[in-house]
Chemist: 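Let me begin by handing over the structure; questions about it come next.
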Amino acid sequence: MTAPGVKTEIGTGRYIGQRVRRKEDPRLLTGRGQFVDDISLPGMLHCAFVRSPIARGNILGIKTDIARDVPGVHAIYTQQDLAHFKADLLSFYLAAPDVEMTPLANGRVAYVGDPIAIVIADSRHSAEDAASLIEVDYADEDPVVTLADAARGAPVHPRTDNNIAAQMGEEEIDEELAAKLSSAPHLITHKVVHQRISQSPMETRGVVVSRDGPEELTLYITCQSPHLVARWLSLSLGLPEKAIRVIAKDVGGGFGLKNHPWKEELAVILAALKFGRPLKWIEDRYENLIGANQAREQEMTLQVAFDNDGRLIASHGDYSVNIGAYPQLPECNIAVHMFVWAAYKMPAYGFLTRGWYSNTVGYAAYRGPWAMESLIRETALDIAARRIGIDPIEIRRRNLVTLQDQPTTTCMEIPLEDITPAECLEKLLAHFDVDAFRKQQKTARDEGRYLGLGVAAYIEPTGAAGSIATMTGELAQVQIEPTGKVTAIMSTHSQGHGTATTMAQIFADRLGVRYEDVTVFEGDSSRGGFSPGAAGSRQGVIAGGAAIMAGDLLASKVKTLAAHLAETTVDAIRIEDGMVHVEGQPEKSRTLRQIAEIAYGEPDRLPPGFEPGLEAKYRYQPPPMTFASAANACVVEVDINTGFVKILRWISSEDCGTPINPSVVEGQIAGGLAQAIGMVLYEEMSFDDRGNPLAATYKDYMLPLISDIPTFEFLHANTPSKSVGGMRGVGEGGAIIGTPTLVNAIADALALFGEVPVDLPLTPAKLLSVIEGRDLVSPSLAPEAPAPMVAPIVTPTPAVQPASAPGKEIQIDGDWKMVLSTPVGPQEMTGHFETNGTALSGYLAAAEGQQSFTGIVDGNNLIFDLKVEKPLKITLKYNLTVEGNRISGKCKMGIFGSAKLTGHKL
Amino acid sequence: MSKHHIEVTINGRRHTADVEARISLSDLLRDNAGYTGVHVGCEHGVCGACTVIVDGLAVRSCLMLAVQANGAQITTVEGLAAEDGTLHPVQQALLEEHGLQCGFCTPGVVMTLAALTGNNAKPSEQQLLGALSGNVCRCTGYQGIRRAAKRLACAETGEHA
C-alpha cells in the first residue's frame with residue numbers, strides 16, 4: 001500500500017514515529033509559558049469596549065463626558081476617531097467585504113455585543129468603570145436572528161436586496177437528478193439542524209500593540225499564524241511600507257477562531273496607532289462568549305436515493321448557514337458539497353448552498369468547518385439502513401470507495417488515488433466484535449437497558465496548498481550552529497499542536513543528531529516565511545515535508561564537507577548521534593561541532609565553491625490536496641428514564657499517513673472527539689427572539705468535562721501519502737467524524753422508539769421526547785415546526801430580465817466594473833464588451849490576468865463562455881443582463897453551480 | 001477607591017501590596033506579584049485554570065479577593081518544581097503522559113492534583129478524577145490528564161509502585 005513518490009517511505013525513524021516528550025511542556029508545566037496577557041510593555045495602557053445591548057438599530061447618540069472624568073482614563077474613541085485609517089476587515093481569503101464592516105459601529109449596531117467605543121485607561125478596571133458610564137441612545141429595530149428570520153426578515157445590511165451573503169448551486173433541482181431521486185426504490189429525506197458553537201479556546205482573544213515610531217508596529221496577539229496576521233494587517237491598513245512584527249509564542253487554543261484579527265483586535269491596533277502608547281486588550285470570557293465570532297449554526301436537508309441492495313443512486317443537498325452580521329468567512333460553505341459523497345460511490349449529486357446574514361455575532365471557522373457533510377451523510381446512511389433493512393456496516397461496505405476502486409473521480413470531480421476509509425472500517429471491525437455487541441445489546445434490552453452502536457467513516461481534505469491565496473506551502477530553515485547544536489526556524493504555529501516537538505523529531509532524524517540537541521523556534525513573523533500556520537490540518541503534512549527537505553539538504557552539506565576533510569567520498573560519510581563517521585576509518589570521526597567550527601570559521605579548509613556555514617532552507621509545495629481517512633465506533637447507553645447518555649466505549653481507526661509522533665496524533669484526535677461529544681450532547685450558543693445570547697458564562701455554555709469523555713482506543717493505519725514524508729494531517733478529523741459516530745449510537749440505542757431527529761445538541765429533554773413520544777422540549781426553546789427546509793421567501797432576481805422597454809437605448813459597449821461572488825469570496829474584475837449586431841466580444845480582466853471571449857447579444861442580455869484551468873478545468877457560462885448603468889446576472893461554474901454577478905458601467 | 005494593605009507568602013517569599021478591595025487574588029498574583037502562570041480562563045469559577053493552593057487547599061483565585069488572602073500561604077504553579085528544576089511529581093506525570101497541549105488550563109490542572117496529593121495524602125483515582133471535573137481543557141479530550149491522575153493515585157497508594 002506504499003504510495004510511489006519521493007521520500008514517502010520515511011515511516012519510522014529513531015525519532016519520527018516515536019512518542020517523544022514534548023519540548024513545549026517543561027515551560028508550560030512550570031508557569032513559564034508566554035501568553036499574550038503575560039506581556040507587559042513600558043508605558044502600556046489597557047482597553048475596554050462599550051458593546052451594544054441590542055441586536056439591531058441605529059445609534060442616535062453617544063455621551064462620553066462622564067466617562068472621560070473617571071480617574072485614569074486617557075481616551076475614548078468611537079468609529080469616527082478611527083475612520084481615517086480606512087482599515088478593511090478582510091476575510092480569511094484576504095478579500096474586502098461585500099458589505100460595510102468597521103472595527104467599531106458606524107452609526108448602526110448589528111448584533112448584541114457589537115463594539116461601539118473603546119476606552120483607554122491606566123488599568124482594565126478603570127477602563128471598564130468608564131465604559132459602564134458611556135451612554136448610548138439607540139433606535140431599536142426588530143432583529144433577524146435565525147435562518148428562518150434571515151429568509152423573511154429585512155436585510156441586515158443597508159443597500160442589499162436580501163440576507164443571502166453567498167449562494168452556489170441551483171435553486172431548482174436538475175430534472176434528470178429529480179427523476180433519479182423520485183424513481184429510486186428507496187428515497188431518504190434527512191434534515192439535520194446544527195446548533196451554534198463557541199470555539200471556546202481556554203485563552204480568550206487578546207492583543208498587545210506597540211507603535212514603535214512612525215514606521216514600525218509590534219504586536220503580541222492570540223493567533224494561529226503570526227505571518228498571516230502580519231499579512232492581513234498590512235493589507236487591511238494599506239500600509240505595505242510599515243514594518244509589522246507579530247509575536248505569539250504561546251497561544252491557548254485557536255480552533256479556527258484566531259485565524260486573523262477581527263473587529264476588536266483591529267480597533268485596538270488602530271487606537272494604538274492613534275494614541276501612540278502601547279495598548280493591551282484581553283477579552284474576558286463574557287466578551288468571548290457574546291462578541292467573538294462563532295461557528296456551525298446551519299441546517300441541511302439531504303435526499304439520498306438507494307436501489308434495493310442499498311447502493312447509492314443519486315443525492316441532493318440543500319444547505320444554509322447563519323453567518324451573522326460580520327462574518328470572517330462570508331461564504332456558503334461549498335466544501336460541504338464537495339466532500340459530502342467524496343468517499344462513497346455516488347453517481348449523481350446536486351445542491352443548493354447559501355450563507356445568510358443575521359443580527360448575530362459573525363461566523364468563523366471551527367475545526368472542520370465543512371463537517372456537516374459527514375454528520376448528515378453518516379446519519380442518513382444509518383437511517384437508510386434501518387429503513388431498507390440492512391446492516392449499517394453493510395451499507396457502508398457496499399458504497400465506500402476502496403483502494404481497489406482507485407484511481408477514480410468523485411461525483412464532484414475530485415480525483416481520488418489513495419483514500420482508505422473502507423480499509424479503516426475493516427481494521428475497526430477486526431478490533432470490535434459487532435456480533436458480540438449485538439448479543440450484549442439484546443440481553444441488555446431484556447433488562448431494560450438501552451445500548452447503541454454508532455459507526456461512521458469519512459475522508460478529510462488536508463494540507464491544501466495553491467488554490468486559495470492564504471493556503472500556501474511551508475518554509476523550513478535549519479542550521480547547525482558553531483556549537484554543534486541544531487536550530488531550526490519554522491513558520492509553523494502551535495496553539496497546542498506541538499510543532500516545536502514534531503519538527504524537532506524530523507530534524508533530529510534527518511540530520512543524525514539527538515532530539516535533545518534540536519531547538520525549533522516559531523511564533524514570530526520576523527522569522528521564517530509566509531505560512532497560514534494552523535489551518536486545514538496542514539502543518540504536519542506541509543511543514544513536515546519542508547523540514548525533511550531542508551534537513552536532507554543540510555545533511556548533504558555536512559557530508560560534502562566531512563568527505564572533503566577526510567579525503568573520501570560523500571557515500572562514506574555517516575552522521576549519527578551528532579558524530580560524523582567515515583566508513584572504515586573510525587579515527588577520522590569528528591563531532592558535528594568540529595565540522596561546524598570549520599564550516600563557519602576556517603574558510604581555507606572548505607571545498608571549492610562551498611558556501612561557508614552549515615545552513616539550509618527549503619520551501620515545500622505539497623500536492624494540491626492530501627486526504628486523511630477514518631472510521632470510528634462508539635457504544636452508548638441511554639437511560640430511558642432520564643434521557644442521559646453515557647459513552648461506554650469509543651474506538652478511532654484512522655489513517656493520517658506517517659504519524660510523526662503518535663502521542664501528538666492521538667492528542668489531536670482525542671481533542672477533536674471531545675469537541676464532537678460537546679457538539680452532540682452539551683454545547684449550545686442560542687439567542688432569544690430579540691437576539692440576546694442565552695449563554696454568556698460557562699455555567700450556560702457547557703463544555704465537556706473529564707467525566708463526560710471516555711478513554712479512547714486508537715488504531716493507526718499509517719498509509720503514506722504522496723507528500724514528502726507521507727503525512728496526511730490529523731488536526732480536524734476527530735471533530736468531524738465524532739459527531740455522526742455518537743449520533744448514530746444514540747439513534748441505534750433508541751431505534752425501538754422511532755428515529756431521533758438530528759437537532760443538536762441531543763439534550764435529555766429531546767431524547768425523552770423521542771422515548772416518551774411527546775414534546776418535552778420547552779416551547780420557547782423548541783425548534784420551529786419540523787417542516788421541510790425553509791423555503792426562501794426572498795425572490796431571487798431572475799437571471800435574465802425581460803428586455804428593456806422598446807425605444808430605450810441600451811449601452812453595452814465599454815468597460816464595466818463587476819463583482820462575482822465565488823466560493824472563496826467576492827472577485828472583482830473589469831469586463832470589456834463590444835457588440836456588433838448580435839455578436840459579442842470582449843475580455844474580463846482581474847488581478848490574475850485577462851481573458852478574451854466571444855458570445856452573443858440578445859437585446860440587453862449578454863451570453864458568453866470562458867474556459868479556465870484552475871483550480872479545476874471548467875467552463876464558466878456567463879448570462880448577464882444590462883439595465884441602464886447596472887449589470888447583473890449569473891455565472892454557471894460547472895459543478896460549483898451558479899454564482900451571482902453584479903456591477904456597474906465605468 | 002481606598003486601598004488595603006495585605007501581606008501574603010507566595011511560593012515561600014513574602015509579598016506585600018496595597019490593593020483595592022475589589023482586586024481578585026488572581027489579579028494580585030498576576031499583575032502585582034508577577035506570577036503569570038496563574039491563568040484566568042473564565043473569571044467566574046468554572047474553568048479552574050486559575051487554581052492555586054491557599055493554606056493547603058485548592059482555590060479558584062478568580063473567585064477569592066486579594067484582601068481575603070491576607071496572611072495566607074499561597075503556592076502557584078511556579079512554586080512547585082525544585083530549585084534545581086526537578087519537576088514536581090504531578091508535573092512529571094503530566095509531562096510523561098502528554099497531559100497538555102496548549103498549556104493554558106495546565107497550571108490549574110497541576111495545582112488541583114498537587115493540592116490533593118500533597119502532605120502525604122493518599123487520594124483514590126476517583127477522588128482525583130472527581131476533583132478534575134472542575135478543570136476545563138479544550139485541547140486534549142482529557143486522555144493524558146486522566147492517565148496522569150491514575151498514575152498519581154497509584155503511586156500514592158503504592159498499588160503499582
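Below, chains carry the letters A, B, ... as their sequence lines are ordered, and counting in each starts from 1. Just so it is clear, the values below take in all heavy atoms, side chains as well, and ignore hydrogens, waters and symmetry mates. Owing to the predicted nature of the structure, the values given are computational and were not obtained by experimental measurement.
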Chemist: Among A:G672, A:P201, A:G498, A:G667, which residue forms the greatest number of heavy-atom pairs with chain B at distances under 4.5 Å?
Modeler: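 Most heavy-atom pairs under 4.5 Å with chain B: A:G667.
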Chemist: Counting only heavy atoms closer than 4.5 Å, note whether A:F712 contacts chain B via side chain, backbone, both or neither.
Modeler: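 Contact with chain B: backbone and side chain both.
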Chemist: Which bit of B:Q143 comes within less than 4.5 Å of chain A, counting heavy atoms only: side chain, backbone, both or neither?
Modeler: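 The side chain, not the backbone.
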Chemist: Of the listed residues (A:P704, A:S40, A:P71), which shares the most heavy-atom pairs with chain B below a 4.5 Å separation?
Modeler: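 Between A:P704, A:S40, A:P71, the count favours A:P704.
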Chemist: Set out, in order, the CA-CA distance, both residues' side-chain angles and the distance that settles side-chain contact (heavy atoms from CB on, under 4.5 Å) for A:R21 and B:E96, then state yes or no.
Modeler: CA-CA 7 Å; A:R21 291 178 190 172; B:E96 290 174 13; 3.3 Å; yes
Chemist: Run the side-chain contact (heavy atoms from CB on, under 4.5 Å) test on A:E24 and B:L100 for me, step by step, so that the C-alpha distance in whole Å, both residues' side-chain angles and the decisive distance to 0.1 Å come before the verdict.
Modeler: CA-CA 9 Å; A:E24 297 86 347; B:L100 57 150; over 6 Å; no
Chemist: Is the closest side-chain heavy-atom distance between A:Q495 and B:Q101 below 4.5 Å?
Modeler: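 A side-chain contact is absent here, since even the closest heavy-atom pair is not under 4.5 Å.
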Chemist: Quick one: does B:R138's side chain have a donor or acceptor within less than 3.5 Å of a partner on A:Q199's backbone?
Modeler: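 Side chain of B:R138 to backbone of A:Q199, a donor-acceptor pair under 3.5 Å: yes, one is there.
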Chemist: Should A:Q668 and B:C139 count as side-chain neighbours, where that means a heavy-atom distance under 4.5 Å?
Modeler: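 No, every pair of side-chain atoms sits at 4.5 Å or beyond.
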Chemist: Looking at chain A, which one of B:V40, B:L129, B:V77, B:N135 has the largest number of heavy-atom pairs inside 4.5 Å, strictly under?
Modeler: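 Ranked by contacts with chain A, first place is B:V77.
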Chemist: Chain B heavy atoms under 4.5 Å from A:S200: which part of the residue, side chain, backbone, both or neither?
Modeler: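 Contact with chain B involves both backbone and side-chain atoms of A:S200.
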Chemist: I'd like to check B:I145 versus A:I706 (side-chain heavy atoms, cut-off strictly below 4.5 Å). Are they in contact?
Modeler: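 Yes - at least one pair of side-chain heavy atoms lies under 4.5 Å apart.
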Chemist: Could you measure the distance from the NE2 atom of B:H98 to the CD atom of A:E666? Nearest 0.5 Å is fine.
Modeler: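 It is 9.5 Å, given to the nearest 0.5 Å.
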Chemist: Which heavy atom of B:A81 sits nearest to which heavy atom of A:T30, and what is that distance?
Modeler: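 Where B:A81 meets A:T30 most closely, the heavy atoms are CB-CG2, 4.4 Å.
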Chemist: Is the closest side-chain heavy-atom distance between B:L95 and A:P26 below 4.5 Å?
Modeler: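 Yes, side chains in contact.
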Chemist: Mind checking the CG-CG spacing from B:D31 to A:D37? Nearest 0.5 Å is all I need.
Modeler: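 These two atoms lie 7.0 Å from each other.
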Chemist: Mark yes or no for whether B:Y35, through its side chain, and A:G31, through its backbone, hold a donor-acceptor pair below 3.5 Å.
Modeler: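 No: the side chain of B:Y35 does not pair with the backbone of A:G31.
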Chemist: Please state whether the side chain, the backbone, both or neither of B:V46 comes within less than 4.5 Å of a heavy atom of chain A.
Modeler: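 Interface part for B:V46: side chain.
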Chemist: Run through A:D25, A:L28, A:L29 and flag the one making a side chain to side chain contact (heavy atoms under 4.5 Å, CB included) with B:L94.
Modeler: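 Result: among A:D25, A:L28, A:L29, A:L29 is the only option passing the side chain to side chain contact (heavy atoms under 4.5 Å, CB included) with B:L94.
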Chemist: Got B:D27 and A:H125 here, is their nearest side-chain heavy-atom distance under 4.5 Å?
Modeler: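 B:D27 vs A:H125: side chains touch.
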Chemist: Please classify the contact of A:Y286 with chain B as side chain, backbone, both or neither, using a heavy-atom distance under 4.5 Å.
Modeler: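 When you check distances to chain B, no heavy atom of A:Y286 falls under 4.5 Å.
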Chemist: Identify the heavy atoms of B:G141 and A:A674 that sit nearest to each other, and give their distance.
Modeler: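 Scanning both residues, the minimum pair turns out to be CA-CB, 3.6 Å.
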Chemist: At a 4.5 Å cut-off on heavy atoms, which part of B:E43 comes close to chain A: side chain, backbone, both, or neither?
Modeler: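 The answer is the side chain of B:E43.
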Chemist: Work out which heavy atom in B:Y142 is nearest to a heavy atom in A:I709; give both atom names and the distance.
Modeler: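 Nearest pair, atom of B:Y142 first, then A:I709: CD1-CG1, 3.7 Å.
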Chemist: Which atoms of B:H39 come close to chain A, meaning under 4.5 Å heavy atom to heavy atom: side chain ones, backbone ones, both, or neither?
Modeler: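 Just the side chain, heavy atoms under 4.5 Å.
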Chemist: Report which part of A:D250 has an atom under 4.5 Å of a heavy atom belonging to chain B: side chain, backbone, both, or neither.
Modeler: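 For A:D250, there is no contact with chain B at all, as no heavy atom is under 4.5 Å.
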Chemist: Does the side chain of B:C47 come within less than 4.5 Å of A:M202's, by heavy atoms?
Modeler: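 Yes; the side chains approach each other to less than 4.5 Å.
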Chemist: Between A:V251 and B:F104, is any pair of side-chain heavy atoms under 4.5 Å apart?
Modeler: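 Not touching, per the 4.5 Å side-chain cut-off.
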Chemist: What distance separates B:C42 SG from A:Y701 OH, expressed to the nearest 0.5 Å?
Modeler: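 With rounding to 0.5 Å, SG (B:C42) is 14.5 Å from OH (A:Y701).
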Chemist: Give, as side chain, backbone, both or neither, the part of B:L80 having an atom under 4.5 angstrom from any heavy atom of chain A.
Modeler: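 It is neither, since no heavy atom gets under 4.5 Å.
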Chemist: Is it the backbone or the side chain of B:E97 that comes under 4.5 Å from a heavy atom of chain A, or both, or neither?
Modeler: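 No part of it gets close to chain A.
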Chemist: So for B:V110, is it side chain, backbone, both, or neither that comes closer than 4.5 Å to the heavy atoms of chain A?
Modeler: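 The side chain, not the backbone.
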Chemist: Which answer fits B:R30, side chain, backbone, both or neither, if we ask what part of it has an atom under 4.5 Å from a heavy atom of chain A?
Modeler: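 Just the side chain, heavy atoms under 4.5 Å.
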Chemist: A:R124 versus chain B, heavy atoms under 4.5 Å apart: side chain, backbone, both or neither?
Modeler: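 No part of it gets close to chain B.
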Chemist: Would you confirm whether A:K699, through its side chain, and B:G45, through its main-chain N or O, come within 3.5 Å as a donor-acceptor pair?
Modeler: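 Here the side-chain-to-backbone pair does not exist.
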Chemist: Please state whether the side chain, the backbone, both or neither of B:T106 comes within less than 4.5 Å of a heavy atom of chain A.
Modeler: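 Contact with chain A involves the side chain of B:T106 alone.
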